[in-house]
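Below you'll find the structure, written out as structure tokens, and then a few comments.
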Amino acid sequence: MAPSSTVTKSRDVLGTNALRPDGAQKVQGSFEFTSDMHAENMLWGATLRSPHPYARIVSIDTSAALALSGVKCVITASDVPGKLTYGLISSDQPVFAHEFVRYMGEPVAAVAADHPETCRRALALIKVAYEVLKPLTNPEDAISGSHDPIHPDGNVIRHQRIIRGDQAATGAVVVEGEYVIGMQDQAFLGLEAALAIPDPDGLGVHLHVATQWLHEDLSQISACLGLPAEKVRLTLGGVGGAFGAREDISLQVHCCLLALKTGRPIKMQYSREESFFGHVHRHPASIFMRHHADLNGKIIKIDARFVFDGGAYTSTSPAVLINGITHTQGPYKCDNATVDGYAVRTNNPPCGAMRGFGVVQACFAHESQMDKIAAAVGKSPVEIRLINAMATGDPLITGQIMESVAPVARCITETDAIPLPPSLDVNADELELPGGSGLTSSQSNIVRGIGWGVSMKNLMYSEGFDDFATARCTLKDGVASLKFATSEVGQGFVTLAPQIARSVLGVDDVLIEPIDTEIGSAGSTSASRQTWMSGGAVDGACRLVRERLFHHVGKIHNIDPLRLVIEGTDVVDQMGTFRISVADASDGIEISETFEHHHRKTDELDEHGQGNCHTAFAFVAHRAVVDVDPDLGLVKVVQIATAQDVGRVLNPLSAIGQLEGGIAQGLGLAVMEEIVMKDGKVRNPSFTDYLLPTALDAPDVVAVMIEEYEPQAPLGAKGIGEPPCISVTPAIVAAIRNATGKAIERIPVRPQDICL
Amino acid sequence: MTVIVAKELSTALAALREHADARLIQGGTDLMVEINFNHVKPTTMVSLRDVQSLRTIRQDSPGIMSIGSGVPYSVLEGEPVLSAIPALAQASRTVGSPQIRATGSLGGNLGTCSPAGDTLPVMFALDAMIHLSTLDSQRVVSIHDFMTGVKRNVRQHDEIITAIDFPIVQGWQGYSKVGVRNAMVISVASACLVADHKHADVRLALGSVGPTIIRCREAEAWLKSSQDLTAGQSISLDIAHEFGRRAADESSPIDDHRSTAQYRRHAISVLASRMLRKAYQ
Ligand SMILES: Cc1cc2nc3c(=O)[nH]c(=O)nc-3n(C[C@H](O)[C@H](O)[C@H](O)COP(=O)(O)OP(=O)(O)OC[C@H]3O[C@@H](n4cnc5c(N)ncnc54)[C@H](O)[C@@H]3O)c2cc1C
């Protein structure tokens with residue numbers, strides 16, 4: 001079983017470099033990830049997947065698999081007792097393919113057996129007869145209607161326009177481009193895994209799972225199982241990264257179904273190859289943008305058309321589309337805009353959430369455009385961005401007023417003030433050159449380039465969604481226990497929550513209770529939202545407890561509770577000499593309070609894309625310095641300088657970790673990470689061929705945290721998870737353009753794009 | 001599955017004779033991947049890890065370094081190989097990650113015989129000789145005859161590769177590999193160039209651009225006829241480019257998910273001309 005609780009001890013309050021409670025375990029290899037879990041009498045589950053991007057299922061014969069010794073059950077679509085489909089926004093994805101398979105890797109059946117090897121053999125014995133159909137793989141064919149609907153809901157998942165200001169406005173300078181973004185994978189290291197334990201009476205199930213949002217999983221799972229929600233309980237297993245890939249259901253329903261059907265615990269875990277088919281990816285997109293500017297480079301109007309390839313099922317495509325198009329302008333003022341956006345259905349793998357969520361794609365386009373405007377009017381990349389920089393109070397192209405702290409100009413100037421790295425040393429280690437350990441280049445082959453990227457990113461959920469978070473704090477004998485359903489996926493909420501409790505309550509010892517569905521929802525660990533939302537909930541619950549503690553102390557010692565404050569680990573009378581330790585003050589009593597944190601209300605967009613659809617925003621600037629070997633098209637990112645609008649730093653160590661990690665992920669998209677598709681088939685589902693940056697690819701990161709307290713945020717801190725990976729990608733590409741003079745409009749940039 | 005952990009070469013050789021399906025395992029960095037992906041399902045494994053005679057580096061005759069098939073790359077990266085056969089040390093450094101290099105071996109690179117195997121172009125450029133033993137016989141095969149196709153070679157089931165003989169050559173040599181990231185990457189195109197001052201020769205072998213490693217005999221011959229290749233010469237840019245162009249002509253790459261044929265050919269021309277210039281700097 002997963003560790004049920006974690007106690008952390010120390011004076012690690014907000015603002016200190018508190019260490020992760022699970023850090024040492026993770027480094028030593030003793031942390032229990034979900035894939036390490038085990039239960040008495042457990043069986044293994046495995047999934048049969050479609051080899052075809054698009055086919056009609058003629059028949060499924062499971063008899064030979066069932067006859068194999070050690071196989072306990074085989075299930076298909078006809079065994080799903082409840083709802084046959086699930087989905088985060090639209091319930092259009094089948095638990096098991098029914099009549100049609102719509103992408104390569106779609107689940108068709110699942111088996112339970114006594115051993116993973118028996119499972120594998122059983123899968124090979126399931127005979128599925130397919131009538132192979134011509135897949136729809138070009139998103140434009142989904143829009144034009146030239147391909148028959150591949151799903152009853154049609155081939156266009158969502159279409160949305162933004163019409164703002166003077167549609168006829170023009171500028172003296174017009175620049176445009178057609179930008180293409182490849183399909184990136186979240187590539188978390190802890191593969192999908194779950195352990196489902198059926199209730200003894202067979203009427204319910206307890207699922208231990210690595211996920212981003214326990215309660216959303218719960219409602220989708222219980223609907224498919226045909227069980228009331230209270231018959232399904234979820235506990236978070238150890239999660240090894242998420243980045244959006246665990247927002248959608250993968251093996252959850254399969255695992256529970258097998259457990260209920262066999263009456264035995266079922267363990268499921270994906271291999272790396274299966275994982276590439278088992279979760280959604282970042283949307284590939286093509287984006288046309290045309291900017292009109294005046295001779296000074298000030299933006300007058302933007303025309304844009306976005307096409308996001310959502311793959312076979314909806315997932316979060318509608319929200320990704322809205323994020324993309326509402327960030328068309330980036331962190332710049334713009335009064336007039338015409339934007340047309342599509343999220344479409346194809347027979348490519350389904351795409352959904354990934355760090356940056358639609359804004360990554362938009363940012364690559366708008367930042368490429370900013371450099372084109374700069375070149376057209378003879379300004380530097382920094383000047384053009386400062387001329388256009390947005391500030392608090394500016395209207396967005398949706399008509400929403402920017403109410404967040406918006407230190408865009410500061411992000412740019414403070415990044416600009418970071419010293420450039422020294423020029424390439426004559427005796428530079430060859431490993432440090434582009435090509436690295438391949439020893440392909442000498443110093444004389446290398447050209448250096450500098451590029452810029454600046455971004456705006458919405459925080460929390462949008463379009464009227466109330467993604468609240470719940471937390472409970474219990475103070476007893478000087479120990480604070482915190483209960484929440486917030487998924488810890490590596491982001492560090494289990495570090496932050498005790499910091500909050502220590503700061504608010506003056507306790508040393510903080511216990512984190514099991515993270516499960518025995519309390520209200522925390523919302524998803526996504527959209528850079530948990531510090532703000534679950535942090536707000538923990539803070540709120542701790543404050544309520546503190547009030548009650550003050551009343552308790554006040555009553556006993558006859559002091560007006562309003563005079564009491566926490567100082568260090570004591571309750572102190574501000575106007576007198578009375579002082580008592582929190583441990584003594586709470587001795588023998590138990591105070592427990594639950595708090596729900598809700599963010600401000602947002603609205604849906606109207607048909608012209610107008611409305612206050614977003615909650616809040618954060619900003620960041622990146623400057624990339626790259627060395628390029630132009631003849632071979634190889635790149636080494638030397639340095640990333642960044643200044644990020646963080647509101648307030650709650651844990652410097654965690655914060656820099658988010659920045660460095662995000663930068664590595666954005667670098668991956670810039671120069672190497674891509675799921676290569678051909679005719680709807682994934683060509684590189686492995687870490688041999690889906691390349692992630694190594695230590696030798698990772699640049700030096702020089703970061704400045706811009707701390708301007710965000711009044712809307714409960715702790716003054718903005719979400720910092722997504723911004724680091726957004727504008728670093730266009731900054732690197734701009735630096736490659738700067739070094740080579742090549743007009744590169746596609747990411748990831750491949751060697752042949754540079755040298756051929 | 002039975003695992004026979006041999007301490008002596010003879011034990012391993014006998015086990016191969018006895019079990020028709022036995023698979024040899026040295027570092028396991030290729031074989032275990034195959035097994036994990038269910039591509040092979042051996043019922044008998046013969047481990048060579050404890051056979052010390054396969055882990056030696058010897059220089060019995062002058063001008064030849066004989067490297068045991070089980071010596072890990074982490075050893076080949078350093079001395080004495082680094083000074084005697086620098087191209088082999090460089091190729092060894094490019095293999096995988098430190099974990100892979102701590103256990104992967106030349107025997108395994110030859111056993112797998114992938115056109116992307118990093119040490120194979122070095123063997124082709126240096127005309128290395130492969131020692132093969134059975135329980136009752138031994139033979140020595142030129143690397144040019146050993147590799148016959150993509151993951152195909154002339155090794156018989158009951159043979160073990162014991163050692164590889166590398167001539168020690170006077171002159172610059174190097175190995176370059178192009179991949180899309182800066183470390184731990186399968187080669188998209190690679191080249192080993194050896195300048196042999198004694199014979200006034202330059203030899204060039206290419207990896208990942210054909211079904212086997214390609215030795216560029218025509219480009220080599222053209223170069224020898226157009227240029228004095230003794231020590232101390234310098235190579236003009238024109239000669240270097242023409243050499244690169246001719247090397248690219250001898251490659252026969254394909255398009256796949258890792259790269260395109262066009263890029264691979266281009267990369268070969270760049271690598272060959274750069275290395276030639278470096279060799280005579
Ligand atoms: C993460 C990773 C990265 C890698 N990167 C690279 C790379 O950059 N470049 C590269 O070239 N390779 C790379 N490889 C492949 C592999 O490491 C090399 O091919 C290595 O040389 C294999 O050696 P080994 O000792 O591990 O072979 P094993 O896996 O033990 O054996 C491989 C094959 O050779 C046979 N064999 C082994 N020893 C002998 C012998 N003495 N006689 C006869 N047959 C034998 C085995 O039966 C088997 O068929 C990588 C592998 C991994 C897993």
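Since we're looking at a predicted model, the values are computed, not measured. Residue numbering restarts at 1 for every chain, and letters A, B, ... go by the order of the sequence lines.
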Report task. Starting at CZ of A/Phe687, measure out to CE of B/Met184 and round the result to the nearest 0.5 Å. Result -> 9.5 Å
Query raised in the report: Near B/Lys151 NZ, under 6.0 Å, is it more than 12 heavy atoms from other residues, nucleotides or ligands?
Result: no
Query - Max heavy-atom pair count under 4.5 Å with chain B, selected residue of A/Met672, A/Lys678, A/Glu674, A/Glu273 - result: A/Met672
Query raised in the report: chain B heavy atoms under 4.5 Å from A/Pro748: which part of the residue, side chain, backbone, both or neither?
Result: neither
Requested in this report: Give a yes or no answer on whether the side chain of B/Asn182 reaches the backbone of A/Gly435 with a donor-acceptor pair at less than 3.5 Å.
Outcome: yes
Query raised in the report: Sequence neighbours excluded, which residues qualify as ring pair (Phe, Tyr, Trp, His ring centres under 6.0 Å) partners of B/Phe37?
Result: B/His39
Report task. Return yes if some donor-acceptor pair links the side-chain N/O of B/Thr94 with the main-chain N/O of A/Ser437 below 3.5 Å, else return no. Result -> no
Query raised in the report: Does any heavy atom of chain B fall under 4.5 Å from the side chain of A/Ser441, the backbone, both, or neither of them?
Result: both
Query raised in the report: Do you know which two heavy atoms are closest between A/Asp697 and B/Ala183, and how far apart they sit?
Result: OD2-N, 4.3 Å
Query raised in the report: Would you say A/Glu117 has more than 12 foreign heavy atoms packed within less than 6.0 Å of its CD?
Result: yes
Report task. For residues A/Gln752 and B/Thr260, report the shortest heavy-atom separation together with the two atoms involved. Result -> NE2-CG2, 3.8 Å
Query raised in the report: In terms of heavy-atom pairs under 4.5 Å with chain B, which of A/Thr694, A/Leu632, A/Leu433 leads?
Result: A/Leu632
Query raised in the report: A/Val635, A/Asn445, A/Leu692, A/Leu634: which one forms the most heavy-atom pairs within less than 4.5 Å of chain B?
Result: A/Asn445
Query - Sorted by number, residues from residues 266-279 of chain B in contact with chain A (heavy atoms, under 4.5 Å) - result: B/His266, B/Ala267, B/Val270, B/Leu271, B/Arg274, B/Lys278
Report task. Would you mind checking which part of A/Glu432 comes under 4.5 Å of any heavy atom in chain B, side chain (CB onward), backbone (N, CA, C, O), both or neither? Result -> neither
Requested in this report: Counting only heavy atoms closer than 4.5 Å, note whether B/Val188 contacts chain A via side chain, backbone, both or neither.
Outcome: neither
Query raised in the report: Taking atom SG of A/Cys755 and atom CD of B/Gln262, what is their separation to the nearest 0.5 Å?
Result: 9.0 Å
Query raised in the report: Within the side chain of B/Tyr263, is there an N or O that forms a donor-acceptor pair under 3.5 Å with the backbone of A/Arg750?
Result: no
Report task. Look at A/Glu673 together with B/Arg181 and state whether they make a salt bridge at an N to O cut-off of under 4.0 Å. Result -> no
Query raised in the report: For A/Asp629, is it the side chain, the backbone, both, or neither that has a heavy atom closer than 4.5 Å to a heavy atom of chain B?
Result: side chain
Report task. Using a cut-off of 6.0 Å, state whether more than 12 heavy atoms not belonging to B/Gln170 lie near its atom CD. Result -> no
Report task. Counting only heavy atoms closer than 4.5 Å, note whether B/Asp118 contacts chain A via side chain, backbone, both or neither. Result -> neither
Query raised in the report: Taking atom OG of B/Ser190 and atom CG of A/Leu439, what is their separation to the nearest 0.5 Å?
Result: 12.0 Å
Query - Name of the residue among A/Asn684, A/Leu691, A/Thr688, A/Val676 meeting side-chain contact (heavy atoms from CB on, under 4.5 Å) with B/Arg258 - result: A/Thr688
Query - Heavy-atom proximity to chain B below 4.5 Å, by part of A/Asp631 - result: both
